[in-house]
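Everything below concerns the one structure shown next.
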Amino acid sequence: MLNELAKQIHANAVEKGFYDKPLEFGTHMMLAVRELGEAMDAHQHAKHAAKFHPCMLRADNFTQLFEQGVKNSVEDELVDALQIILGKMHDMGIDIDFYLAAKMQYNKTRPYRHGKQY
């Protein structure tokens, strides 16, 4: 499921020129961190996306609706970070579905808070 989504994310990123020049792994990760920082800033300013019906995705004025109700929100910035990470994982040939399922299964075996304060 996520492997296919990551493939689509990566293809769009390539089409839009984000892979024209090779970037180091760390650069991609810092781009994701930057997006997380933007999400934090949006959260600090209580900027959340408007609630939309799924039909919004097919609306003739989708771009306008997105820019008015979603752009630069917590939700928008978190998805930006997720897209960077998923796209890079696809680029690296990582089987996201397998490793996510394996990690979730492993986490079920761990103690409360994994023995940490937080």
Side-chain angles (χ1 to χ4, degrees):
M1 179 172 77
L2 285 178
N3 285 332
E4 181 55 37
L5 188 58
K7 180 179 177 181
Q8 293 172 28
I9 290 166
H10 183 262
N12 186 61
V14 168
E15 181 182 323
K16 299 300 179 183
F18 287 102
Y19 282 83
D20 283 353
K21 58 182 201 177
L23 297 177
E24 299 287 331
F25 174 79
T27 301
H28 279 272
M29 295 305 97
M30 288 312 298
L31 289 170
V33 167
R34 182 182 73 187
E35 297 297 341
L36 292 173
E38 290 175 4
M40 183 68 181
D41 187 55
H43 184 267
Q44 187 177 31
H45 291 94
K47 177 98 169 75
H48 287 277
K51 300 289 184 203
F52 286 102
H53 190 275
C55 68
M56 170 195 152
L57 298 173
R58 296 183 304 277
D60 290 337
N61 62 340
F62 167 76
T63 301
Q64 180 183 4
L65 291 171
F66 185 90
E67 289 175 353
Q68 291 174 350
V70 179
K71 188 78 177 125
N72 300 320
S73 66
V74 171
E75 295 81 356
D76 182 39
E77 302 303 347
L78 288 173
V79 168
D80 282 345
L82 189 58
Q83 287 182 313
I84 291 168
I85 293 167
L86 290 174
K88 185 61 178 175
M89 290 176 80
H90 173 78
D91 185 51
M92 295 172 67
I94 295 171
D95 184 339
I96 303 163
D97 295 324
F98 170 77
Y99 286 104
L100 181 58
K103 183 64 178 189
M104 290 172 63
Q105 184 172 327
Y106 173 72
N107 282 346
K108 288 179 183 179
T109 70
R110 299 184 79 187
Y112 182 77
R113 291 191 184 159
H114 308 232
K116 300 173 185 168
Q117 289 286 324
Y118 52 90

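Numbering starts at 1 and runs along the sequence shown.
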TODO: Kindly work out whether a path of hydrophobic side-chain contacts (I/L/V/M/F/W/Y, heavy atoms less than 4.5 Å apart) joins Phe25 to Val14.
DONE: no
- [ ] Could you note down all residue pairs passing side chain to side chain donor-acceptor pair (under 3.5 Å) where residues 100-112 supplies at least one of them, sequence neighbours left out?
- [x] Arg110-His114
Open item on the list: Using side-chain heavy atoms (C-beta onward) and a distance below 4.5 Å, is Ser73 in contact with Lys47?
Closed with: yes
Open item on the list: Using the rule that Ile, Leu, Val, Met, Phe, Trp and Tyr join whenever any side-chain heavy atoms are under 4.5 Å apart, tell me whether Leu23 and Met29 fall into a single cluster.
Closed with: no
Task: Separation of Glu75 CD from His43 NE2 (nearest 0.5 Å) - done: 9.5 Å
Open item on the list: Can you tell me how far apart CG (Asn12) and CD (Gln83) are? Round to the nearest 0.5 Å.
Closed with: 7.5 Å
Open item on the list: I need the Asn3 CG to Lys7 NZ distance, nearest 0.5 Å.
Closed with: 10.0 Å
- [ ] Treating Ile, Leu, Val, Met, Phe, Trp and Tyr as nodes and any side-chain heavy-atom pair under 4.5 angstrom as an edge, say whether Val70 and Leu57 lie in one connected cluster.
- [x] yes
- [ ] Could you tell me which non-hydrogen atom of Pro111 sits nearest to which non-hydrogen atom of Gly115, and how far apart they are?
- [x] CG-N, 4.1 Å
Open item on the list: Counting C-beta onward and ignoring hydrogens, is there a side-chain heavy-atom pair between Tyr99 and Met89 closer than 4.5 Å?
Closed with: no
Task: Main-chain N/O of Met1 paired to Asp97 side chain as donor or acceptor, under 3.5 Å - done: yes
- [ ] Compare all side-chain heavy atoms of Met56 with those of Phe62 and state whether any distance is below 4.5 angstrom.
- [x] yes
Open item on the list: Can you confirm whether Phe18 sits close enough to Ile84 that some side-chain heavy atom of one is under 4.5 Å from a side-chain heavy atom of the other?
Closed with: no
Task: Check: Asp80 and Leu36 side chains under 4.5 Å, non-hydrogen atoms - done: no
TODO: Evaluate the side-chain proximity of Leu5 to Ile96: yes if any heavy-atom separation is below 4.5 Å, no if none is.
DONE: no
Open item on the list: Is there a side chain to side chain contact (heavy atoms under 4.5 Å, CB included) between Lys71 and Phe66? Walk through the geometry before answering.
Closed with: CA-CA 6 Å; Lys71 188 78 177 125; Phe66 185 90; 4.0 Å; yes
Open item on the list: Just so I know, are the side chains of Leu86 and His90 near enough to count as touching, which here means a heavy-atom distance under 4.5 Å?
Closed with: no
TODO: Could you state whether Ile9 and Phe98 fall into the same hydrophobic cluster, counting links through intermediate Ile, Leu, Val, Met, Phe, Trp or Tyr residues with side-chain heavy atoms under 4.5 angstrom apart?
DONE: yes
- [ ] Considering non-hydrogen atoms only, spot the tightest contact between Ala13 and Tyr19 and give its length.
- [x] CB-CE1, 3.8 Å
Open item on the list: What I'd like to find out is whether the side chain of His10 reaches to under 4.5 Å of the side chain of Lys88, using heavy atoms alone.
Closed with: no
TODO: Look at the side-chain heavy atoms of Ile, Leu, Val, Met, Phe, Trp and Tyr, link any pair under 4.5 Å apart, and say whether Met92 and Leu2 land in one connected group.
DONE: yes
